[in-house]
Amino acid sequence: MNILLMLLPISLILLGLAIAAFAWAVRKGQFDDLDTPALDILDDAPPRPAASAVPSPREGDDGA
């Protein structure tokens, strides 16, 4: 019977932590888009190169 006096508060604390973690995830937008990440793996197109911050030099441009 004494073990219940210890397990009940521990279980309530763990429940509170789980609810807090779920609320944090919802606020941070973890559940906003559940379809797109699953469909990204089906895309056969190669990944797009990242846009560089420095423009590439044009042909005939000597930089002077």
Side-chain angles (χ1 to χ4, degrees):
M1 189 68 174
N2 288 337
I3 192 70
L4 289 177
L5 295 176
M6 185 174 68
L7 289 179
L8 189 62
I10 290 174
S11 65
L12 290 176
I13 290 171
L14 289 176
L15 177 65
L17 289 174
I19 291 172
F22 178 73
W24 174 82
V26 169
R27 276 196 313 264
K28 293 293 183 179
Q30 295 293 317
F31 302 110
D32 285 349
D33 186 12
L34 297 177
D35 294 330
T36 304
L39 296 175
D40 283 344
I41 197 166
L42 301 175
D43 190 16
D44 287 340
R48 296 181 212 142
S52 63
V54 179
S56 59
R58 290 176 279 178
E59 201 170 313
D61 189 11
D62 61 356

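Keep in mind the model is a prediction, meaning the values are calculated, not measured.
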Side-chain heavy-atom pair Ser11, Leu8 within 4.5 angstrom cut-off: yes

According to a hydrophobic-cluster definition based on side-chain heavy atoms being under 4.5 Å apart (Ile, Leu, Val, Met, Phe, Trp, Tyr only), do [X] and [Y] belong together?
{"X": "Ile13", "Y": "Met6", "answer": "yes"}
{"X": "Leu14", "Y": "Ile19", "answer": "no"}
{"X": "Leu17", "Y": "Ile10", "answer": "yes"}

